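Take a look at the structure below.
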Amino acid sequence: MKHMRVVSLVPSATETLTKIGITPIGVTRFCERTDLVSMGGTKDPHTEQIIAAKPDLVVMCDQENRREDYEALTEAGLSVFAFSLTDIAHVATQVSALAARLGVPENNDAQVIRVQTGLPIRVWVPIWKRPWMTIGGDTYASTLLAAAGFCNVYTETQTRYPESALEEVSSLRPDFVLAPNEPYPFAERHRQQLEVVAPVCFVDGKDLFWWGTRTPRAHERLQDLRSQLLNQP
C-alpha cells in the first residue's frame with residue numbers, strides 16, 4: 001500500500017509519525033530530522049512551500065501552531081489533522097485517530113498508561129525566564145507529571161502558562177524544581193538561581209512536552225525519577 005505524503009509541523013508528531021511507519025516529506029526545523037526537508041518553524045511555517053508540495057495531509061497542533069497558518073493551509077485545499085492535547089488521557093485516542101486517518105496500524109506505544117499512586121512530590125516546572133513562566137494544570141505536561149506521582153504547584157491556576165516571580169514560587173513550598181532543557185534551555189549554570197526556590201533536578205524537556213508514542217516511556221522515566229527523589233538521604 002502506498003503511504004500518504006505527510007507534512008508535520010509539530011516535533012512530537014514527527015516522532016510519532018516515524019514510530020507508526022510514516023516518514024514525512026516535510027518537517028519543521030525543530031523536529032530534529034536534518035535528513036528531511038525543512039518547511040519552516042512551528043510558528044512560522046513556509047505555507048507556500050507546503051502548498052506547493054501537495055501533501056495528502058498536514059499534521060498540526062492547536063497549542064504549537066498558529067490559527068492563521070491552519071486557515072491558510074485549509075483554504076488552499078489541503079487536509080489537516082490537528083492534535084488538541086491538554087491531558088495525558090487524550091494521547092492514545094488521538095494517536096489512534098491519526099493512524100486511522102493515514103491507514104496504518106496503531107503502534108502499541110500509544111497505549112494508556114497506569115497512574116502512579118502514593119504521596120505526590122510537589123514540583124515547580126519553569127519553562128522560561130525573563131519573565132519566569134511555568135505550566136498550569138490545564139496542560140499535557142502537568143497531567144503527565146500527576147500520572148507519574150508529582151504535583152505541579154500551579155495545578156489550580158486558571159492560566160495555562162502563568163508568569164511567576166521566584167518569591168511567589170518559593171511561597172508555594174515545592175519539594176523540588178524540575179528544570180527542563182526546553183523550551184528554555186535550563187542547565188547547570190542556572191542551578192544557583194533556581195535553588196532559591198527548592199532543590200533542582202534537571203530533566204529532559206522532550207519527556208515533559210513531546211506527547212505521542214513517547215508518552216509511555218516518558219512516564220516510566222518520570223516514575224523512576226520520583227523513586228530516586230524519594231530515596232534521597
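This chain uses plain numbering: 1 for the first residue, then up along the sequence. Note: hydrogens, waters and symmetry copies are ignored here, and every other heavy atom, side chains too, is used. The structure displayed is predicted, hence computed values, not measured ones.
Shown here for Gln193 and Val196, the closest heavy-atom pair between the two residues is O-CG2, 3.1 Å. Here the shortest heavy-atom pairing between Tyr140 and Leu85 reads CB-O, 4.1 Å. Closest of all the heavy-atom pairs between Glu188 and Arg191 is OE2-NE, 2.5 Å. Lys206 approaches Asn181 most closely through the heavy-atom pair N-OD1, 4.5 Å. Taking every heavy atom of both residues into account, Pro162 and Thr157 meet most closely at CG-CG2, 3.9 Å. The shortest non-hydrogen separation linking Glu64 to Pro11 is OE1-CD, 3.9 Å.
Residues Ile88 and Ile127 are members of one and the same hydrophobic cluster, defined by side-chain heavy-atom contacts under 4.5 angstrom among Ile, Leu, Val, Met, Phe, Trp and Tyr. If you chain together hydrophobic residues whose side chains sit under 4.5 Å apart, Leu57 and Tyr70 never meet in one group. Put simply, Val37 and Val59 are part of two different groups of oily side chains (I, L, V, M, F, W, Y) that touch within less than 4.5 Å, one to the next. Grouping the Ile, Leu, Val, Met, Phe, Trp and Tyr side chains by contacts below 4.5 angstrom, directly or via other members, places Trp211 with Leu17. Cluster membership for Val27 and Phe30, using ILVMFWY side-chain heavy atoms within less than 4.5 angstrom, is not shared.
Distance check, rounded to the nearest 0.5 Å: CZ of Arg160 to CG of Asp138 gives 4.0 Å. Here OG1 of Thr47 is found 11.5 Å from CE of Met39. Values are rounded to the nearest 0.5 Å. Note that CG of Asp207 is 9.5 Å distant from OG1 of Thr215, once rounded to the nearest 0.5 Å. The CD1 atom of Ile22 sits 12.5 Å away from atom CZ of Arg5, with the distance rounded to the nearest 0.5 Å.
Using a 4.5 Å heavy-atom cutoff, the side chains of Val91 and Leu144 are not in contact. Counting heavy atoms from C-beta outward, Ile135 and Phe209 have side chains that approach closer than 4.5 Å. A 4.5 Å side-chain heavy-atom check between Pro45 and Asn65 finds every atom pair outside the cut-off. Using a 4.5 Å heavy-atom cutoff, the side chains of Leu229 and Phe176 are in contact. By the 4.5 Å heavy-atom criterion applied to side chains, Val6 and Pro55 are not counted as neighbours. Between Thr143 and His90 there is no side-chain heavy-atom pair separated by less than 4.5 Å. By the 4.5 Å heavy-atom criterion applied to side chains, Asp204 and Arg221 are not counted as neighbours. The side-chain heavy atoms of Ser170 and Val197, taken from C-beta on, include a pair separated by under 4.5 Å.
Of the residues listed (Leu225, Leu194, Val123, Ile121), the one engaging Cys201 in a side chain to side chain contact (heavy atoms under 4.5 Å, CB included) is Leu225, and it is the only one.
The number of heavy atoms from other shown groups lying within 6.0 Å of CD (Gln232) is above 12. In this structure, Glu68 places its CD atom where more than 12 heavy-atom neighbours from other residues, nucleotides or ligands lie under 6.0 Å away. The 12-atom threshold is exceeded at CD of Gln49, counting heavy atoms of other residues, nucleotides or ligands nearer than 6.0 Å. The environment of Lys54 atom NZ is sparse: at most 12 non-hydrogen atoms of other residues, nucleotides or ligands sit within 6.0 angstrom. Crowding of Arg173 atom CZ: a count of heavy atoms from other residues, nucleotides or ligands under 6.0 Å not exceeding 12.
At a cut-off of 3.5 Å, with distance as the only test, no side-chain donor of Arg33 or Ser8 sits close to an acceptor on the other residue. At a cut-off of 3.5 Å, with distance as the only test, no side-chain donor of Tyr154 or Thr159 sits close to an acceptor on the other residue.
In this structure, Trp128 has its ring center at least 6.0 angstrom away from the ring center of Tyr161.
Between Phe83 and Phe81, the ring planes are perpendicular. Angles over 60° get that label, and only those under 30° would be called parallel.
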